[in-house]
Structures are given as C-alpha cells and as structure tokens.
Amino acid sequence: SKEKGGNSYHYYYPDMNKRSLHRLNLEIHLRKALERNEFRVFYQPIVDLNNGKIFGMESLVRWHHPEWGIISPGEFIPLAEETGLIVPIGNWVLKQACRQNKEWQSLGHAPLCVSVNISAIQFHQPSFVHYVEQTLLETGLEPRLLCLEITENVAMTNVSYIMDTMNKLRTLGVSISIDDFGTGYSSFSYLKRFRVHTLKIDQSFIRDVTSDEENAAIVTALIAMSRKLKIKSLAEGVETREQLDFLISQGCNEIQGYVFSKPMPAPDFELMIRENKQL
Ligand code: C2E
Ligand code: CA
Ligand code: CA
Ligand code: CA
C-alpha cells in the first residue's frame, strides 16, 4: 500500500517530482491528523477601539505534527480545501472554538465573541446551517457570541442560495464578517444585500497605511463606507502604534494584530483575559 511510507513512494510513483511527492505525503498525513488529534486552535484578541477592551478573538487553526512540529494554516489549508478535508477540519475548529468560549464564560469571564474562519466549501455544504445550530446547542454557547468569517469568494456564485444561507444564520443569531475585504472580487452591493455585521479590512492595506497614500485613502474610504452602511469596521494585521493611531483617527471600530497580541494557545489567552489586558 501507499502507506508503507518513506521510499516506497519512489517505487509506486516513479515519475513524480519532489513537489508532488511532498504534496502526497502531506495529504496522507493530513487525512490522519484529525483522528490523531493533531490540530490545535490558537486565539488572537480582537480589541474594541471604543474602550480599549478585548471584544472577542479569532480562532486560528494550527497543525501540530509529532515529527514536523507546528505547521501553519497557510501550508495546509489550500490542500485541505482541494481535498475537501477542510469540511471535517473546519467543523472541528468551529466546535472547539464554541466549546472553549463557553468554558471561559462559565469560569466567570466577561462574554467574548469568538470568530471562526469558514471556507467557501464548508459554507456551501447543505448541512452547514444545521451543523452550526447543532454545535451551539451541544456546547451551550449563546449564538450572539459566535461570529463566522467568510471571504468574498463565497459570494461569487449562486447569490440566492447564499442569501438564503445568510438569512438562516442570521435567524440563528450568529453574526457574519467579511474577511480579507478588498482582496476578492465581490461587488460592494453584496455588503448591503447580505447584511453582514463586520467588514475586516485586509492586512495588505494596513501594512503601509502610514507611508502609502493610496492605501491610506482606501482604508479611510472603507471605514467611512462601513459606518454609513452601519457595518462595523475591523482592521487586521495592525502591528505598529502609528497604524493604530491612524485607524483611531479614522474612526475604525475594532483592531486585531501584533500591536496588541499574537495568536496564542488557549491557556495563554485565558491568562490575558484574567489580567484584563487593555489597549
Ligand atoms: P486570516 O483569516 O486572514 O487570519 C489572519 C492571519 O494574520 C493569521 O495568520 C494571523 O496569525 C495573522 N496575523 C494576525 N495579526 C498579525 C499582524 O499583526 N501581522 C501579521 N503579519 N500577521 C498577523 P495564520 O494564523 O497563519 O492564518 C492564515 C490563514 O489561514 C488565515 O488568514 C485563514 O485564511 C486561514 N485559516 C486559519 N485558521 C483557519 C480555519 O480554522 N479554517 C479556515 N478555513 N481557514 C483558516
Ligand atoms: Ca479570518
Ligand atoms: Ca483576514
Ligand atoms: Ca488572509
């Protein structure tokens, strides 16, 4: 079988180049990672600029392979999406994040809103809304404390189906963010039609917002537009005090980034909220 490991791949796949060998190897291990309990969820605080307090956190998956160490999502999410493995992985992250958020609340911490990344493939599963509903029931998390992050490419196809799914999610009481805003292809009109709660301004616009006039203009416009549409604006990848000051001056609602904290394992995140860290 293919699973004998090591050099046996060379025997079975003589024409394979190094790259596809690496990919195949990764895929074989990725398939087993869930049952082997190799995934971890890290949490990165999202800060409310109105009061400097932690409003919530984004769940970011990591793969802890016993030999290879920590593998970042950038390295395996694309493959997980190609192979469909993103559905069970994403569902696991969703449940884990809801469970963890409920646990922190049970410990007496102020209610936080947990964000979970939902890949387009996951969002388009016919059972998706039901899975979200079941997860909320099972974990006992209040729906208003869950936010789903979807990217613009979710919205590219089958608008009526997406509207329907969004409406069902809204009826459940969960909120929705548009992630990486400005990097995709969707029309601005979708923002209003889908009635999303938060617009996450992609970090590529934030990176040199204090040195690049065009990026500054884009960020200013996105924040102003969000305000007019009554959608919250959230800037991602905020690393410096200068970027932060700029965003505050423009009236941005929330930020996320190294200027406040990196993503971290659950116990470290709990310490942070225990200490009541503020901006
Ligand atoms: P994303 O959803 O845009 O997540 C934000 C990324 O920016 C995270 O990378 C985070 O660690 C990083 N980041 C946060 N603050 C800063 C900062 O100040 N500076 C810089 N340079 N980077 C910052 P990460 O954790 O490596 O995740 C990468 C991407 O992988 C995510 O981008 C998301 O698209 C995907 N991803 C992560 N977890 C999941 C998941 O559970 N499901 C799905 N479908 N995708 C996920
Ligand atoms: Ca995200
Ligand atoms: Ca993002
Ligand atoms: Ca991104």
Side-chain angles (χ1 to χ4, degrees), residues 30 33-34 38-47 54 56-64 70-101 113-125 128 131-132 135 146-154 175-184 186 196-210 219 222 233-244 246-247 252 254-266 268-269 279:
L30 193 58
L34 259 183
E38 292 173 354
F39 293 108
R40 301 285 176 272
V41 182
F42 277 31
Y43 298 92
Q44 184 179 37
I46 292 170
V47 183
I54 299 174
M57 58 285 189
E58 179 173 5
S59 324
L60 295 156
V61 70
R62 270 91 185 97
W63 178 12
H64 197 162
I70 300 256
I71 304 162
S72 71
E75 289 175 67
F76 67 88
I77 293 285
L79 181 62
E81 286 181 330
E82 275 175 56
T83 53
L85 288 167
I86 192 62
V87 176
I89 295 171
N91 285 348
W92 179 84
V93 174
L94 178 68
K95 190 169 288 180
Q96 186 63 24
C98 289
R99 201 184 282 143
Q100 182 64 76
N101 197 22
C113 187
V114 69
S115 286
V116 180
N117 290 288
I118 304 296
S119 123
I121 299 157
Q122 200 184 349
F123 184 90
H124 285 110
Q125 296 288 306
F128 179 65
Y131 185 80
V132 172
T135 303
L146 174 64
C147 175
L148 305 175
E149 294 193 4
I150 62 170
T151 57
E152 290 165 283
N153 37 0
V154 157
S175 49
I176 292 160
S177 296
I178 298 287
D179 202 0
D180 303 342
F181 192 82
T183 62
S186 81
V196 303
H197 298 79
T198 307
L199 186 157
K200 295 190 81 167
I201 303 170
D202 191 65
Q203 55 188 63
S204 59
F205 300 114
I206 307 300
R207 197 168 300 132
D208 40 24
V209 79
T210 52
V219 171
L222 289 178
S233 52
L234 191 168
E236 298 191 273
V238 184
E239 295 184 350
T240 69
R241 185 69 223 187
E242 289 69 32
Q243 292 166 347
L244 180 63
F246 176 80
L247 292 161
C252 185
E254 293 165 4
I255 62 109
Q256 188 185 338
Y258 300 166
V259 74
F260 188 79
S261 166
K262 293 199 170 183
M264 57 201 147
D268 298 343
F269 187 86
L279 195 66

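Any value given below was found using the heavy atoms of this structure, including those in side chains, with hydrogens, waters and symmetry copies removed. Just follow the structure's listing: the first ligand is 1, and inside any ligand the first atom is 1.
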Interatomic distance, Leu279 atom CG to Ile255 atom CD1 [nearest 0.5 angstrom]:
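Separation between the atoms: 5.5 Å.
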If you measure from atom 28 (C) of ligand 1 to every heavy atom of Pro45, Pro73, Ser119, Ser261, which option wins on shortest distance?
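Heavy atom nearest to atom 28 (C) of ligand 1 belongs to Pro73.
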Nearest non-hydrogen atom to atom 19 (N) of ligand 1 belongs to which of Gln96, Glu239, Glu236, Arg62?
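The residue whose heavy atom sits nearest atom 19 (N) of ligand 1 is Glu239.
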Closest contact, heavy atoms only, Gln256 versus Pro45:
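Heavy atoms of Gln256 and Pro45 come nearest at CG-O, 3.6 Å.
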Counting backbone and side-chain atoms alike, is an N, O or S atom of Asp180 positioned under 3.0 Å from the Ca ion (ligand 2)?
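Under 3.0 Å: Asp180 has no N, O or S contact with the Ca ion (ligand 2).
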Does any N, O or S atom of Ser177, backbone or side chain, fall under 3.0 Å from the Ca ion (ligand 2)?
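Checking Ser177: none of its N, O or S atoms is under 3.0 Å.
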Ser177 (side chain) donor-acceptor with Leu199 (main chain) under 3.5 angstrom:
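A pair under 3.5 Å: no.
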Is a donor on one side and an acceptor on the other found under 3.5 Å between the side chain of Gln243 and the backbone of Glu239?
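Answer holds: yes.
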Exactly one candidate in Val41, Asn101, Ile46 meets side chain to side chain contact (heavy atoms under 4.5 Å, CB included) with Met57; the answer is Asn101
Tell me which part of [X] gets within contact of ligand 1: side chain, backbone, both or neither, using heavy atoms under 4.0 Å.
X      : result
Lys200 : neither
Val116 : neither
Asp179 : side chain
Glu58  : side chain
Gln44  : side chain
Val259 : neither
Val61  : both

Let me check your reading of the structure: within less than 3.0 Å of the Ca ion (ligand 3), is there an N/O/S atom from Asp179?
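An N, O or S atom of Asp179 is closer than 3.0 Å to the Ca ion (ligand 3), so yes.
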Specify whether an N/O/S atom of Glu149 falls short of 3.0 Å from the Ca ion (ligand 3).
no
[X] vs [Y] side-chain heavy atoms within contact, under 4.5 Å:
X      : Y      : answer
His64  : Ile70  : yes
Glu149 : Asp180 : no
Leu60  : Pro73  : no

Would you check whether Pro263 reaches within less than 4.0 Å of ligand 1, judged by its heavy atoms?
yes
